[in-house]
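Just so it is clear: chains get the letters A, B, ... in the order the sequence lines come, proteins before strands, and each one is counted from 1. On a predicted model such as this, the values are computed, not experimentally measured, just so you know.
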Amino acid sequence: MKSGHKPKLAVWKFASCDGCQLSLLDCEEELLAVAGHIELAYFPEATRAEIRGPYDISLVEGSITTPHDQHRIQKIRRQSRLLIAIGACATSGGIQALRSFARVEDYVRVVYAHPEYISTLERSTAIAKHVQVDFELRGCPIDKYQLLEVLNAYLNGRKPNIPTYCVCVECKRRGTPCVMVSRGEACLGPVTQAGCGALCPAYARGCFGCFGPMENPHTEALSERLKALGVSEGDMIRLFRSFNAGAEAFRKESKAHVRIEK
Amino acid sequence: MCASKNSRTLKVDYMARVEGEGALLIKIKNGAVKEVKLNIFEPPRFFEAFLRGRKWTEAPDITARICGICPVAYQSSSISAMESIAGIRIDGPLRELRRLIYCGEWIESHVLHLAMLHAPDFLGYQDAIAMAKDYPAVVQDALRLKKLGNDIMKVLGGREIHPISMRVGGFYKVPEPSALQQLVPELEWGLEAAEGLARLVATFDFPEFTRDYTYVCMRHPGEYPLCEGRLVSNRGMDIALDAFYEHIEEEHMEHSTSLHSVIKGEGDYHVGPLARFNLNFDRLTPRCQALAEELGAAPPCNNPFKSIIVRAIETLWACEEALRLIQGYVMPDAPSLPAEPRAGRGHGCSEAPRGICYHTYVIDEEGIIQEARIAPPTAQNQRTMERDLRELVPGLLGLSNEELTWKCEQAVRNYDPCISCSCHFLRLEIDRDA
């Protein structure tokens, strides 16, 4: 960033629960310091004030699910020097991507009395499916310290230091005994990207994949292991189809189990 | 926008300082409000549809994703519903831990809203960061108090947003008493800080505006309502949870992806802090009651703008309750009770910071969800928010468009609307005629 210029940050929301942008407000000890170095130019969850673009950094939360939002994201990309997708919705389509495995018209009818009032797309897709994204920060929700690291890195012109190895590494580092080995629990940790600090195993339960697939995940090998633990095909489908159901590696593995189940 | 004060259209295309996406349209013709629409364009995510086919034990983690601001509300309500089907009754320390994590969510959510999102309206700032320049101690205390709420959630649930420890039957893991004891000094500070916030917000200028609301909230025989009880109103409703849809119906309006709830034969109703406070004042602690009396905010309190005082009092209550729960905590023998599915329908409800969050599910004998229906608090308040605006605006026509628009936004923020959750919501347009 140019010296003497306070970079302008914008925060945008698409289909989501608001939790990832809330992470920024959850930086209780850092928020006022961040606001000292960055101009919160557009952040409607926190402020009425609105400074026009272009913006130095845009944080984008949520997935694209409506024709209107398909256009909106293009406009945001044009106004943003750097665009960072934050959270499982923005990086893989989120839990609402489960519609890809069903017919969206059926979904509308289950929830709404007047389907004709509802405008929605057949798929819930990641931001990168629509525009070029400079960085994808994973998590459901994202980790606020990873968010601060990403902002810090871009403000200082360096690459963010966000690991792409799996949750198992964090378990080992934390000294948590493997829940699959010691308790026979189904766990997505071996194929899921680190970032949460291996929370679930530390709370005596298996990982359910909030941070999406790691780099080169061996999903088939994990499925073999899960099968040996007695996990049913149906449960395996559900395990791979949750908050990152739309991520390619998880989507593909879940489909393999659908074929077996049939 | 038209220059005439008696005929104009006011529009807010994207409401700020609320959670989620919504807009407001108000059309005024010859000094009369012709139309008020809270336009909710938060894209639908279809939770009730994709919950079908999922396991009953997955509902807490999945429904938490309806709302990043009040995930514990969704987890609690879904867990209660599933436990009612399985015939599980949680008591003792497990029940107390559930209340404790919920207190954390109340503190975090209430302080975020009252200090960071709502107080700037009363003091004339665009946001809390601008407010911090003139009121640094207030904003810093608020951030510290908010962090305290988050810390409670973190100790019990691993993280603040979408905590991971709650399950049907109890918890995956319960804390050592020493881990909870570490929260005590900050909670003792929190009592004073919450009381200080209540005293501050009580000095704000409140518009002269009251309505004869129908309040709906939970009621428990001995406790201020949180995660158990019957549903009651100030008009004589007193029902068990399973009678919810016998009394409440949902309407799908063209301008909202969030269903509007009404009481059959009665119309709109009001959920949230004012409802709880007016109907459960006798269940508050003596300290909260005395503070409310001193601040001139004791029931009947029918001015929705004063909900900010009630949120601060409820924050004090949550700190007191958290302390009580921690002081009495004895580690349970097991982190959870065994939970086996059986076919049936169950109902669960809890008091999210912004009002009752009701869930009902049907599961089969394998525990697979066959049907899910969720009534989030903001969806239930939609009609009430629109009516508030309809009755508020005629008295404010002397204001400029900009002032009137801001006042209308403030009136919507009285409800701490959580649009992401209601939609399964908010743009402001004010139309002073053409």
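- Using a cut-off of 4.0 Å between Lys/Arg side-chain N and Asp/Glu carboxylate O, B/Glu186 and B/Arg144 are scored as salt-bridged.
- A/Ser119 and A/His68 form no side-chain donor-acceptor contact under 3.5 Å, judged by distance and modelled atom types alone.
- Residue pairs meeting the ring pair (Phe, Tyr, Trp, His ring centres under 6.0 Å) criterion with at least one partner in residues 22-49 of chain A, sequence neighbours excluded, are A/Trp12-A/Tyr42.
- In terms of non-hydrogen atom pairs under 4.5 Å with chain B, the most contact-rich of A/Glu50, A/Arg48, A/Gln96 is A/Arg48.
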task = Apply salt bridge (Lys or Arg N to Asp or Glu O under 4.0 Å) to A/Lys6 and A/Glu39, showing your working.
result = CA-CA 6 Å; A/Lys6 212 166 154 184; A/Glu39 186 163 33; over 6 Å; no
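- Judged as a side chain to side chain contact (heavy atoms under 4.5 Å, CB included), and not counting sequence neighbours, the contacts of B/Leu117 are B/Arg17, B/Glu19, B/Leu112, B/His113.
- Aromatic ring orientation, B/His359 versus B/Tyr361: tilted (interplanar angle from 30° to 60°).
- Because its NZ or CZ atom is both nearer than 6.0 Å to the ring centre of B/Tyr172 and within 45° of the ring axis, A/Arg205 counts as a cation-pi partner of that residue.
- In this structure, a donor-acceptor pair under 3.5 Å is absent between the side chains of A/Arg138 and A/Thr91.
- The contact between A/Ile95 and chain B is made by backbone and side chain atoms together, counting heavy-atom distances below 4.5 Å.
- For B/Arg52, the part lying under 4.5 angstrom from a heavy atom of chain A is the side chain only.
- In this model, a donor atom of one side chain and an acceptor atom of the other lie less than 3.5 Å apart for A/Glu61 and A/Ser16.
- Looking at A/Ala202, only its backbone comes within 4.5 Å of chain B, counting heavy atoms on both sides.
- For a residue to count as touching a neighbouring chain, one of its non-hydrogen atoms must lie under 4.5 Å from one of that chain's; by this rule A/Ser23 touches chain B with backbone and side chain alike.
- For A/Asp143, no part lies under 4.5 angstrom from a heavy atom of chain B.
- Only the side chain of A/Glu29 has a heavy atom closer than 4.5 Å to any heavy atom of chain B.
- Annotation: maximal heavy-atom pairing with chain B below 4.5 Å, among A/Ala204, A/Cys140, A/Gly234, occurs at A/Cys140.
- In this structure, A/Phe250 has its ring center closer than 6.0 angstrom to the ring center of A/Phe240.
- Looking at B/Glu250, there are no atoms closer than 4.5 Å to chain A (heavy atoms on both sides), in backbone or side chain.
- Contact annotation for A/Asp235: only side-chain heavy atoms (C-beta onward) come within less than 4.5 Å of a heavy atom of chain B.
- Neither the backbone nor the side chain of A/Phe101 comes within contact range of chain B; no heavy atoms are under 4.5 Å apart.
- Heavy atoms closer than 4.5 Å to chain B are found in the side chain of A/Leu31, but not in its backbone.
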key: Candidate pair A/Thr176 and A/Tyr203, rule side-chain contact (heavy atoms from CB on, under 4.5 Å), full reasoning   = CA-CA 9 Å; A/Thr176 306; A/Tyr203 279 74; over 6 Å; no
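- Comparing A/Cys196, A/Ala35, A/Ala102, A/Ala49 by how many heavy-atom pairs each has under 4.5 Å with chain B, the most go to A/Ala49.
- Looking at A/Leu98, the atoms closer than 4.5 Å to chain B (heavy atoms on both sides) all sit in the side chain, from C-beta outward.
- Contact tally against chain A (heavy-atom pairs below 4.5 Å) for B/Val174, B/Asp61, B/Val139: the top residue is B/Asp61.
- Stacking of B/Arg373 on the aromatic ring of B/Tyr245 is recorded, both the 6.0 Å distance cut-off and the 45° axial limit being met.
- Contact of B/Gln140 with chain A is made through the side chain alone, with heavy-atom distances under 4.5 Å.
- The interface of residues 153-163 of chain B with chain A, defined by heavy-atom distances below 4.5 Å, comprises B/Lys154, B/Val155, B/Leu156, B/Gly157, B/Gly158, B/Arg159, B/Glu160, B/Ile161, B/His162.
- Neither the backbone nor the side chain of A/Arg109 comes within less than 4.5 Å of any heavy atom in chain B.
- Cation-pi geometry between B/Arg65 and A/Phe243 is met: the NZ or CZ atom falls under 6.0 Å from the ring centre, inside 45° of the normal.
- Salt-bridge check for A/Lys144 with A/Asp26: failed, with every basic side-chain N at 4.0 Å or more from each acidic carboxylate O.
- Of the atoms belonging to A/Cys20, not a single heavy atom falls under 4.5 Å from chain B.
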inquiry  = side chain to side chain donor-acceptor pair (under 3.5 Å), that's the test. Do A/Thr65 and A/Arg123 meet it? Break it down for me.
reply    = CA-CA 6 Å; A/Thr65 61; A/Arg123 299 201 181 284; over 6 Å; no
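- Looking only at heavy-atom pairs under 4.5 Å with chain A, the residue among B/Ile368, B/Ile129, B/Asn150, B/Ile62 that has the most is B/Asn150.
- When each of A/Leu25, A/Thr66, A/Asp69 is scored by its heavy-atom pairs under 4.5 Å with chain B, the top score falls to A/Leu25.
- By the salt bridge (Lys or Arg N to Asp or Glu O under 4.0 Å) test, B/Glu251 is found to be paired with B/Arg383, residues two or more places apart in sequence or in another chain being considered.
- Both the backbone and the side chain of A/Val108 come within contact range of chain B, judged by heavy atoms closer than 4.5 Å.
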